[in-house]
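Okay, so here's the structure we're looking at.
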Amino acid sequence: MNTGFETLDYVLFVLYALLILSVGLFVSRKKDGKEKSAEDYFLASKSLPWWAIGTSLIAANISAEQFIGMSGSGFALGLAISSYEWMAAITLLIVGKFFLPVFMKKGIYTIPEFVEKRYSSELKRILAVFWVSLYVFVNIASVLYLGALAMHTVMGVSMTTAIIGLSAFAAAYSLYGGLASIAWTDSIQVVFLILGGLVTTYLALNTVSGGEGWWQGMQLIYEKAPEKFHMILPNDHPEYMNLPGLGVLLGGMWVANLYYWGFNQYIIQRALAAKSLQEAQKGIVLAAFLKILLPFIIVIPGIAAYVIVQDSTLLGSLGEAGLQNLPSSAQADKAYPWLIQFLPTGLKGLAFVALAAAIVSSLASMLNSTATIFTMDIYKGYLKKDANDGQLVQVGRLVGIIALIIGALLAPLLGGIPQAFQFIQEYTGIVSPGILAVFLMGLFWKKATNQGAIKAVLLSIPIAMFFKIGPKGWLTDSAIANWFPNLPFLDQMAYTLLLSMAVLVFFSWIENKGKDDSKGFTHEKETFATNRFFNLNSYIVLLILAFLYAFFW
């Protein structure tokens, strides 16, 4: 395969790799000859400044899942997929104001540890095992697969070689240095991620305009594919089942976002490692602004690729290479890697560095959080309660290696998925509503009990599967089946959340007869007070988002 990569592109990629490894290992070094403590390794000594938190949040979040998956969804359905980014900006503000103050007040390392403080060790064990399994079998495997797909398409390397290379790169600095090396290198990775993404967007739009510039290109894709620029999809849209109109703003999208940003270990761990609550909240504001920008460097290239593929003249201008690995509605995830092939020498290398930065930073974050939960909540919690700091750090590194090996073995099995981003969202959505119900009720309802929470988590799975498979799956020939609508998966998540909360309320009421639970939280008004900086910037974020939704309605 002719990748078009030239010497300068390879040099840029190698220099990027050396820079990240050097910074990561430098930060990881022993200071004053002292061994790392568990707090050093898993929470970066609780010393992260706001800008490191904000950039690290984005670096952990943006991966091949977004660059490849969301660009593919942009190709297939358009700008509407940006709701995952733009609504996440609002979610971050909610997390910063209402969730984070409680987490930091309790001084927790992990989300399962919070579960133990509010409910019980039993529920903590259930969720710790679930999260380790989810990170290894879904998140790590999917990031490796999509990253390898990009490297295969752009550089021509085999999928196996790419998976091994990405695994080794992430492991080289993250497993030894822990969260500190990940967070500090993330600040560099985000610069590459944004610059490289902007370069790809500019040149994709410039191609559409025939060299007349990005603004002309933006106008042209808006004119040639107006159906791709609606944030709220109508009922008859072919992708309505993925993004169900107003249900996106009022329903299940909130479940996905609140679960992901509020109770996801490899995301919230950055904020827990902050110098202070105010520093963490400033970092969250920075991340919210970056989330507003991201669709313009991730989704717009996918729409540009769609316009190019539909226009025979534009496609012909790319030459014979334009017909190789051509994206289609069935293979939308090829859109972003396909575009990178046509960038000029040097810029192609920069764009691929951005993609690599997104992949490696997210992979490193997932490995660290998998190791954190297993070590602090399972190993120390149940297997060796008297483990010292040195043992905890060594176990964390070993768990990271094992998780990486399993993820690498599973990654090739994910081939053939047409829109990987939607696939990941849908299947994570089976388990997230029940867990979100337990956390929301635990945070803000003092009557929630441990037994109520356990039953809500366990029953949420069959509830979710009922909506997913539905009576139509097992009453095919029955008229009863026609009474049940075929629900979009985001609506399924919303109904599953509400029913899971109802289950929790029912069993908690039976257990405590309406009395407050002994582990219930009491919040003072001052707990949720935020300073002027947070409030002012939150209003600015909300105004920008209101304009974007009004303009692209």
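Atoms considered below: every heavy atom in the structure, side chains included; atoms not considered: hydrogens, waters and symmetry mates.
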Please answer whether the main-chain N or O of [Y] pairs with a side-chain N or O of [X] as donor and acceptor at a distance below 3.5 Å.
X: Arg270; Y: Ile53; answer: no
X: Asn257; Y: Thr91; answer: no
X: Lys228; Y: Ala76; answer: yes
X: Thr55; Y: Ala52; answer: yes
X: Asn206; Y: Tyr202; answer: no
X: Glu279; Y: Pro49; answer: no
X: Ser362; Y: Ile62; answer: yes

Any side-chain donor near an acceptor of the partner, [X] and [Y], under 3.5 Å:
X: Ser83; Y: Tyr549; answer: yes
X: Lys291; Y: Asn61; answer: yes
X: Ser73; Y: Tyr84; answer: no

Centre-to-centre under 6.0 Å for Phe114 and Phe439, is that the case here?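 Between Phe439 and Phe114, which both carry aromatic rings, the centre distance is below 6.0 Å.
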In a check of side chain to side chain contact (heavy atoms under 4.5 Å, CB included) between Ile402 and each of Ile406, Val399, Ile405, which one passes?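 Going through Ile406, Val399, Ile405 one by one, the side chain to side chain contact (heavy atoms under 4.5 Å, CB included) with Ile402 is satisfied by Ile406 alone.
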Evaluate whether atom OH of Tyr539 has more than 12 neighbouring non-hydrogen atoms of other residues, nucleotides or ligands under 6.0 angstrom away.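 No, because the 6.0 Å sphere around OH of Tyr539 holds 12 heavy atoms or fewer from other groups.
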Look up atom CD1 in Ile108 and atom CG in Leu272, then write down how far apart they are to the nearest 0.5 Å.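 Reported value, rounded in 0.5 Å steps: 5.0 Å.
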